[in-house]
Amino acid sequence: MEGLQPCRYWFNGVSLFSQPLRLILLILVCVGNVDAAFYNLTTIPFDQSYTPLFGDGNLVRSPDGKGVRLLLDRFTGSGFISSNLYNHGFFSANIKLPSDYTAGICVAFYTSNADVFEKNHDELDIEFLGNTEGKPWRFQTNLYGNGSTNRGREERYRLWFDPTKDFHRYSILWTPENTIFYVDEVPIREVVRNEEMGADYPSKPMSLYTTIWDASSWATSGGQYKVNYKYAPFVAEFKDLVLEGCPADPIQQIPAAEACAEHYTHLATQDYSVITRQRRAAMRRFRQRYMYYSYCYDSLRYPVPPPECVTVSAEKARFKDTGRLKFGGSHKRQSKRRSRNRNRAIPNSDNAADV
């Protein structure tokens, strides 16, 4: 029954139907979508697989050892790093973001090997970009390979919920074939490796990083709004950490494919490795409604789209040449009631598929 619980949101949206028909519709939708939830995630205590990165005094472990709070004050931010580097894997955490006025703050959940490969590092980012009071948090995903930071692959989005009110799961699946970014069980972006990408696809062992820091120069509205320490300390909370990967020595002689074959097989059999038909529909709905910038449609930066870009006509029609949504990415032409209903419309991938 636990796997069917998310369907209650969808059920509330069909109240105009008669009770018998509502029940029939509920059964059809829920049974068809029970694959949406992640199953069998193995969480790891913080001290077992992570170490403080900086701002040790601003890193507070939870009493049960399963999570941490990262603080930013006027003196320092804070962060932690995985104890190992990994040849691909699934990296995930339940995260609750700071509330109130958080302009200029960057909360980052990402993988990188910049400490080992300074000039040709790889990176996969989920970065939360702060907000002014009363405005929604925005966030971006990004992908770098082999030091290709001059060829950023940013996409920026809004959320369909308030990330400061409760914990939500954010995840990165990184395999030799593709990379998928998830919010809860909704895949929001997939990058499929192809030959044309070459070394621009991340391929070297990476560590997992989580940080909170002052990014006043760029994070919120391009640096227009700065961190206001009157609201400090700013607190980001992390719990239920998941690290499914193949630990690796970055200078090892054994090829990754050989050393990590068992781990790759394990990753491929997990629920989060498959974008089902329902999840594909959820991803399409999310990108149509909540993505407000994509480098793939930014013809000013990239007159020829990078080789991994898959142009979707429905998405392209919504963007200007700069890759930004027309009308500033807002839904100003919608009624307030309709907007409120939409903002509640995607609590999980099942609902995203049916909105």
Side-chain angles (χ1 to χ4, degrees), residues 43-86 89 91-118 121 123-133 137-140 142 162-172 205-220 223 225-243 245 247 250:
T43 61
I44 302 175
F46 178 80
D47 286 332
Q48 182 174 322
S49 295
Y50 307 91
T51 58
L53 179 64
F54 69 100
D56 293 16
N58 278 0
L59 188 154
V60 183
R61 293 166 173 80
S62 63
D64 62 7
K66 296 181 180 180
V68 296
R69 303 169 74 201
L70 295 184
L71 283 66
L72 167 68
D73 57 30
R74 65 177 62 255
F75 302 106
T76 184
S78 53
F80 62 86
I81 183 174
S82 61
S83 302
N84 292 311
L85 289 90
Y86 294 89
F91 312 94
S92 182
N94 271 323
I95 303 174
K96 184 178 179 182
L97 297 177
S99 58
D100 299 321
Y101 185 95
T102 55
I105 294 172
C106 180
V107 176
F109 181 82
Y110 65 105
T111 64
S112 177
N113 48 34
D115 289 343
V116 180
F117 303 98
E118 294 183 6
H121 84 279
E123 193 167 312
L124 297 169
D125 299 319
I126 298 178
E127 296 175 308
F128 302 95
L129 306 177
N131 70 311
T132 56
E133 192 168 10
W137 273 82
R138 301 194 176 198
F139 73 108
Q140 71 177 15
N142 210 339
D162 184 345
T164 73
K165 298 297 184 184
D166 204 351
F167 286 89
H168 289 268
R169 182 165 290 282
Y170 304 88
S171 309
I172 301 171
M206 291 192 279
S207 300
L208 174 69
Y209 293 79
T210 298
T211 59
I212 183 171
W213 54 290
D214 186 330
S216 291
S217 63
W218 66 274
T220 306
Y225 300 98
K226 314 297 184 183
V227 174
N228 186 339
Y229 285 102
K230 178 180 72 174
Y231 298 92
F234 304 99
V235 182
E237 300 181 63
F238 302 81
K239 68 177 184 178
D240 304 325
L241 302 164
V242 176
L243 241 179

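Nothing fancy with the numbering, it's 1 onward along the sequence.
Atoms CD1 and NE2, from I95 and H168 in turn, are 11.0 Å apart once rounded to the nearest 0.5 Å. Residue Q140 holds its CD atom at 11.0 Å from CZ of F128, rounded to the nearest 0.5 Å. In this structure, OG in S207 is found 9.0 Å from CZ in F91, a value given to the nearest 0.5 Å. Taking CD of E237 as the reference point, atom OG1 of T164 lies at 11.0 Å (rounded to 0.5 Å). Atoms OH and CD1, from Y50 and I81 in turn, are 11.5 Å apart once rounded to the nearest 0.5 Å. Between the NZ atom in K239 and the CG atom in N94 there is a gap of 6.0 Å [rounded to 0.5 Å].
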Which donor-acceptor pairs under 3.5 Å do side chains of residues 56-64 form with protein atoms, sequence neighbours excluded?
from, atom 1, to, atom 2, distance (Å)
N58, ND2, L71, O, 3.3
N58, ND2, D73, OD2, 3.3
N58, ND2, T76, O, 3.1
R61, NE, D47, OD1, 2.8
R61, NE, D47, OD2, 3.4
R61, NH2, D47, OD1, 3.3
S62, OG, D64, OD1, 2.6
S62, OG, G65, N, 3.4
S62, OG, K66, N, 3.3
S62, OG, G67, N, 3.0
S62, OG, G67, O, 3.1
D64, OD1, K66, N, 2.9

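Each of V107, L72, D100, L97 was compared with F234 under the side chain to side chain contact (heavy atoms under 4.5 Å, CB included) criterion, and only L72 meets it.
With contacts defined as side-chain heavy-atom distances shorter than 4.5 Å, the pair V227/I105 qualifies. At least one side-chain heavy atom of T43 sits less than 4.5 Å from a side-chain heavy atom of V242. You'll find the side chain of V235 stays beyond 4.5 Å of the side chain of P98, heavy atoms only. In this structure the side chain of I212 reaches within 4.5 angstrom of the side chain of S78, judged on heavy atoms. Within the 4.5 Å cutoff, side-chain heavy atoms of Y86 are placed close to those of L243.
Residue F75 qualifies as open at atom CZ: its count of foreign heavy atoms under 6.0 Å is 12 or below.
A distance-only check finds a donor-acceptor pair linking the side chain of T102 to the backbone of N131 [under 3.5 Å]. Not a single donor-acceptor pair under 3.5 Å links the side chain of T51 to the backbone N or O of S83.
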>> Please evaluate residues S82 and N84 with respect to the criterion side-chain hydrogen bond (donor to acceptor under 3.5 Å, both in side chains), reporting the C-alpha separation (whole Å), side-chain torsions for both, the decisive distance (0.1 Å), and the verdict.
In response: CA-CA 5 Å; S82 61; N84 292 311; over 6 Å; no
> Going through the checks in order, is the side-chain hydrogen bond (donor to acceptor under 3.5 Å, both in side chains) test met by N142 and Y110?
Replying inline: CA-CA 9 Å; N142 210 339; Y110 65 105; over 6 Å; no
> Given Y170 and F139, is the side-chain contact (heavy atoms from CB on, under 4.5 Å) satisfied, shown in steps?
Replying inline: CA-CA 12 Å; Y170 304 88; F139 73 108; 5.6 Å; no
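Ring centroid separation for the pair F238 and F109 does not come in under the 6.0 Å cut-off.
Across all non-hydrogen atoms, the minimal contact from S112 to E123 is OG-OE1, 3.5 Å. Closest approach of C106 to E127, counting heavy atoms only: SG-CB, 4.2 Å.
In this structure R169 satisfies the salt bridge (charged side-chain N to carboxylate O under 4.0 Å, His left out) test with no other residue, sequence neighbours excluded.
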